Each structure stands twice: as C-alpha cells, then as structure tokens.
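Structure first, then comments.
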There are 2 protein chains.
Amino acid sequence: MRLTTKGRFAVTAMLDLAISEVSSEGALKPVTLAGISERQDISLSYLEQLFSRLRRQGLVSSVRGPGGGYNLAKEKADISVSAIISAVDEDIDATQCGGKEDCHGTDGRCMTHDLWATLNFKILDYLSGVSLADMVDSQQDCDVEKVVFAARKSCDSNEEAVING
Amino acid sequence: MRLTTKGRFAVTAMLDLAISEVSSEGALKPVTLAGISERQDISLSYLEQLFSRLRRQGLVSSVRGPGGGYNLAKEKADISVSAIISAVDEDIDATQCGGKEDCHGTDGRCMTHDLWATLNFKILDYLSGVSLADMVDSQQDCDVEKVVFAARKSCDSNEEAVING
DNA sequence: TAATAATTGACTAAATTACTAGGTTATTAT
DNA sequence: ATAATAACCTAGTAATTTAGTCAATTATTA
C-alpha cells in the first residue's frame with residue numbers, strides 16, 4: 001500500500017464517476033474523461049493513464065465513440081478505496097532484502113521488516129472496508145462545508161482524534 | 001497523510017530504536033544511527049535527515065558524543081505511527097484549488113475534494129491509534145515467519161481480508 | 001587531547017509523478 | 001460514406017520527491 005497524490009487523483013476521479021453516472025433518468029450514462037478532467041482539474045492524458053489501469057483491474061468499463069465514456073464495472077458498494085489505490089499505485093517495496101531466506105533471524109533487521117509488513121497489511125485491510133458507496137452516502141448526511149473548514153471533523157467519526165500526536 | 005517508502009524507513013527505524021534501546025539492565029541506552037543503519041540497511045545520512053525531523057517533532061531525544069545516540073522522547077505507547085509518518089512526510093496537498101472560497105458549490109469538483117479530505121482524515125485517525133508499543137507487543141505473541149510467508153495473515157486481525165477487492 | 005557521534009548544509013543520482021504531444025481505433029450521427 | 005466523438009496507445013519530458021554522498025562543525029566522553 002502506497003498513498004500519494006496519484007492515488008488521490010484516482011479516488012477523486014472514481015468518486016466523480018460514481019456521482020456523475022447517475023443521470024436524471026434511471027439509466028447509467030457513460031461519463032467522459034474530458035468531463036472528469038474539467039470538473040476535477042486533472043489533465044486528460046493523465047486520467048487516460050489512470051483509467052487504463054482501472055479498466056484492466058476490472059473497476060470500470062468503457063464505451064467507445066460518441067456518447068461513450070466510462071461506467072463503474074461493479075456496484076459502488078463493491079469498489080473499495082484500497083482497490084482503486086492498488087490499481088494505480090505500485091505496491092510499496094516491502095523489504096530491502098526481498099524475501100530471501102537468509103534474512104529471518106531474530107536480529108533487529110527482519111523483526112522490524114515483519115512488523116512493517118503487518119502494519120502495511122492492516123492499513124490495506126482498513127481501506128478495503130471503505131467503499132465508494134460509503135463515501136458517497138456519508139456525504140449526503142453531512143454539511144460538506146464543515147468538513148473542510150471546521151477543523152476537519154469527520155462526518156461519521158465524531159470524536160476529536162489527535163493529529164500529529 | 002502520505003504513505004511512501006520514506007515513511008516506511010522512518011517507522012522501521014523507530015521500531016528498531018524502540019527494540020534496541022532496551023538494554024540488558026533496566027536503563028535505556030542511546031542507540032546510534034550507525035547501528036540502525038547497519039541493522040536496517042538504511043544509509044546513515046538518510047537516517048540523519050529523518051531523525052533531524054523526528055527530533056524537531058519531539059519524538060526522539062539525542063545524546064551527543066561517545067556513548068551517545070538517540071532515545072525515544074516519549075513512552076512507546078504515546079508514539080503513534082501517524083506521528084512518525086507525519087514528521088518525515090510533507091502532508092499530501094489536499095486540493096487543486098487550495099482552500100479558495102470560490103470553489104464550494106455543489107458541483108462535482110469540491111464535493112469530491114471534500115470526500116477525499118474526509119477519507120484522508122479517517123486514515124490519519126486510524127493510524128494515530130496504532131502505537132510503537134502496539135507493534136512491538138504484537139510481535140511477541142506471533143510467529144514472525146508466518147506473517148511474511150503465510151499469505152500475510154495479520155497477527156491480531158485473524159480474519160481473511162479481501163485484498164485488491 | 002583524541003575519539004565519538006550528533007548536527008548542519010550543499011549538492012547529486014535515481015525514481016516517481018504529472019503532464020504533453022501525436023497518433024489509432026471503434027462507434028455514432030449526419 | 002463521412003465526420004465527429006471519445007476511448008486507447010506510445011513516447012517523451014518537466015517537475016518533484018526520494019535516497020544518497022560529501023564535507024564540514026559541535027558537543028561530549030574517555
């Protein structure tokens with residue numbers, strides 16, 4: 001698991017897609033990358049690169065030609081944030097020593113490697129529990145302005161978490 | 001919150017420090033960066049850069065001269081993983097539009113920005129709940145080999161989490 | 001006084017990110 | 001058919017970040 005602006009762009013674009021594909025009628029209209037590009041201020045070609053990966057991972061489906069674009073390939077509830085980030089970000093290289101067998105004593109080295117691997121897994125585990133549906137839904141019960149300006153209080157976790165501490 | 005190899009190095013080094021500073025007697029001996037460098041295979045100068053930040057953030061304290069080195073500045077239980085990562089990684093830039101007031105309609109743009117901000121906060125919130133003590137402790141009840149090789153089963157979350165799905 | 005080890009700053013190679021440019025292919029509407 | 005649309009693909013590149021080297025200085029201990 002790696003968390004950079006690249007992953008942020010991908011999640012943002014997928015959120016835009018999830019919101020935009022719901023047309024006034026019941027049907028789901030394909031959403032163009034040009035539209036996402038304009039709304040989210042992300043370069044079109046960069047989006048093409050990201051969606052190429054998202055499509056190969058089976059997260060979105062494409063329709064070519066006029067009126068074409070992208071749709072979610074699954075239910076919003078079945079697309080996790082971790083899946084989106086994993087699709088566009090290469091995995092963080094876990095260890096300096098790869099997975100070599102000569103590196104498994106009880107010495108400091110691989111003890112910490114293993115601890116990191118465990119933490120890494122837990123983060124992945126946590127983010128796999130957050131879906132696009134969760135994010136879109138939570139937005140509806142929540143004053144959006146407040147999220148950004150009022151000391152970043154999360155919508156559905158109302159406790160004051162300690163940041164940087 | 002940003003999660004890269006840089007943060008991994010910092011967490012790894014801090015874990016090494018937490019484990020290494022416990023000497024055979026009761027007293028806490030300072031740990032040299034040269035030692036961490038050798039055990040964890042991280043360049044000494046890079047460690048110096050990282051620990052410069054960790055020290056300024058009050059996570060470690062330093063002792064100069066022979067026999068000197070670094071100690072944790074707080075209890076292991078009071079040092080969270082998020083604090084370590086935040087200390088060495090610049091915050092991910094949250095929005096393309098900064099925090100400008102002209103960017104808060106109900107249009108797609110800032111809706112997704114706000115959703116991202118919320119998710120970002122939740123990740124930070126989660127990682128602020130994991131301390132060095134948690135990680136060091138969990139390692140003791142757990143077959144370390146298995147963590148790495150047996151399909152990455154986490155020590156303290158025994159359920160099979162869906163990866164990339 | 002010599003050795004140790006943190007501390008600082010400037011500089012650099014490598015990797016990643018974000019983007020540009022220029023095409024091709026499939027599909028729809030005219 | 002033809003033109004317009006929009007996905008799809010490849011190569012290249014500027015900007016940024018990561019990871020590291022090198023060369024000093026300062027505080028402390030033996």
Side-chain angles (χ1 to χ4, degrees), chain A residues 1-13 17 20-21 29-57 59-73 85 87-93 95-96, chain B residues 1-13 17 20-21 29-38 40-57 59-73 85-93 95-96:
Chain A
M1 174 68 29
R2 169 179 272 167
L3 198 60
T4 65
T5 48
K6 193 176 183 179
R8 185 176 80 78
F9 279 138
V11 172
T12 299
L17 175 53
S20 302
E21 77 171 357
K29 270 195 175 178
V31 179
T32 67
L33 294 189
I36 297 178
S37 171
E38 200 176 338
R39 282 188 298 274
Q40 304 302 332
D41 202 18
I42 306 171
S43 107
L44 177 58
S45 290
Y46 197 40
L47 280 176
E48 284 171 347
Q49 288 176 37
L50 298 180
F51 273 75
S52 170
R53 290 180 183 240
L54 292 169
R55 189 174 60 86
R56 267 176 269 161
Q57 294 295 321
L59 299 181
V60 299
S61 60
S62 61
V63 180
R64 285 185 161 200
Y70 285 93
N71 283 112
L72 298 180
I85 293 174
V88 299
D89 269 320
E90 299 306 323
D91 251 12
I92 212 166
D93 64 321
T95 52
Q96 219 72 16
Chain B
M1 175 68 27
R2 168 179 272 166
L3 198 60
T4 66
T5 49
K6 193 177 184 179
R8 185 177 80 77
F9 280 137
V11 172
T12 300
L17 175 52
S20 301
E21 76 171 358
K29 271 195 174 177
V31 179
T32 66
L33 294 188
I36 298 178
S37 169
E38 200 175 339
Q40 305 303 331
D41 201 19
I42 305 172
S43 107
L44 178 58
S45 291
Y46 197 38
L47 280 175
E48 284 170 347
Q49 289 175 38
L50 297 179
F51 273 76
S52 171
R53 290 178 183 241
L54 292 168
R55 190 175 59 85
R56 268 175 270 162
Q57 294 295 321
L59 298 181
V60 298
S61 59
S62 61
V63 180
R64 285 184 162 199
Y70 285 93
N71 283 112
L72 298 180
I85 293 174
S86 299
V88 299
D89 269 321
E90 300 305 323
D91 251 14
I92 211 167
D93 65 321
T95 52
Q96 218 74 14

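The shown structure was predicted, so the numbers you read here are calculated from the model rather than taken from an experiment. Sequence lines set the chain letters: A, B, ... in the order given, protein chains first and strands last, and positions in each chain run from 1.
Across the protein-nucleic acid pair, A:L3 atom CG and D:dT17 atom P stand 15 Å apart, rounded to whole Å. The nearest whole Å value for the distance from the CG atom in B:D91 to the C1' atom in D:dT17 is 15 Å. B:E90 has its CD atom 16 Å from the C1' atom of D:dA19, to the nearest Å. Nucleotide C:dT4 holds its P atom 14 Å from the CG atom of B:L44, rounded to whole Å. Between the OH atom of A:Y70 and the C1' atom of D:dT5 there is a distance of 14 Å, given to the nearest Å. One interatomic measurement links the two molecules: CZ of A:F9 to P of C:dT16, which rounds to 18 Å at whole-angstrom precision. Spacing between atom CZ of B:R55 and atom C1' of C:dT7 amounts to 7 Å, rounded to whole angstrom units. Per the geometry, CG belonging to A:N71 stands 14 Å off P belonging to D:dA6, to the nearest Å.
Sorted by first and then second residue, the side chain to side chain donor-acceptor pair (under 3.5 Å) pairs involving residues 60-73 of chain A (not counting sequence neighbours) are A:E21-A:N71.
B:L44 and B:A34 get closest at one heavy-atom pair: CD1-N, 3.8 Å. Among all heavy-atom pairs drawn from B:A10 and B:L50, the shortest one is N-CD1, 4.2 Å. Nearest heavy-atom pair, A:T32 versus A:G68, reported as atom, atom and distance to 0.1 Å: CG2-O, 3.5 Å. Nearest heavy-atom pair across B:P30 and B:V63 is CG-CG2, 4.1 Å.
Residue contacts shown for B:L33 are limited to sugar-phosphate atoms, with no base heavy atom under 4.0 Å away.
For B:T32, taking side-chain heavy atoms from C-beta onward, the closest of the listed nucleotides C:dA6, D:dC8, D:dG20 is C:dA6. Of the candidate nucleotides D:dC8, C:dT17, D:dT18, C:dT17 has the atom lying nearest to any side-chain atom of A:T4. Nearest to the side chain of A:S43, among C:dT8, C:dC19, D:dA7, sits C:dC19. Of all nucleotides listed (D:dC22, C:dT20, C:dT7), D:dC22 comes nearest to the side chain of B:S45.
Taking CE from B:M1 and OG1 from A:T4, the interatomic distance works out to 13.5 Å, rounded to the nearest 0.5 Å. With values rounded to the nearest 0.5 angstrom, A:Q49 atom CD is found 11.5 Å from A:L33 atom CG.
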Next on the checklist: Walk along nucleotides 24-30 of chain D from 5' to 3' and tag each nucleotide B, S or - by protein heavy-atom contact under 4.0 Å, base first, then sugar-phosphate.
Outcome noted: --BBBB-

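Using a 4.0 Å cut-off between charged nitrogen and carboxylate oxygen, B:E90 and B:R53 count as a salt-bridge pair.
DNA chain C lies under 4.0 Å from at least one heavy atom of each of the following residues of residues 46-54 of chain A: A:Y46, A:Q49.
Judged by distance alone, with hydrogens and angles left aside, the side-chain atoms of B:S37 form no donor-acceptor pair with the main-chain N or O of B:S43 at under 3.5 Å.
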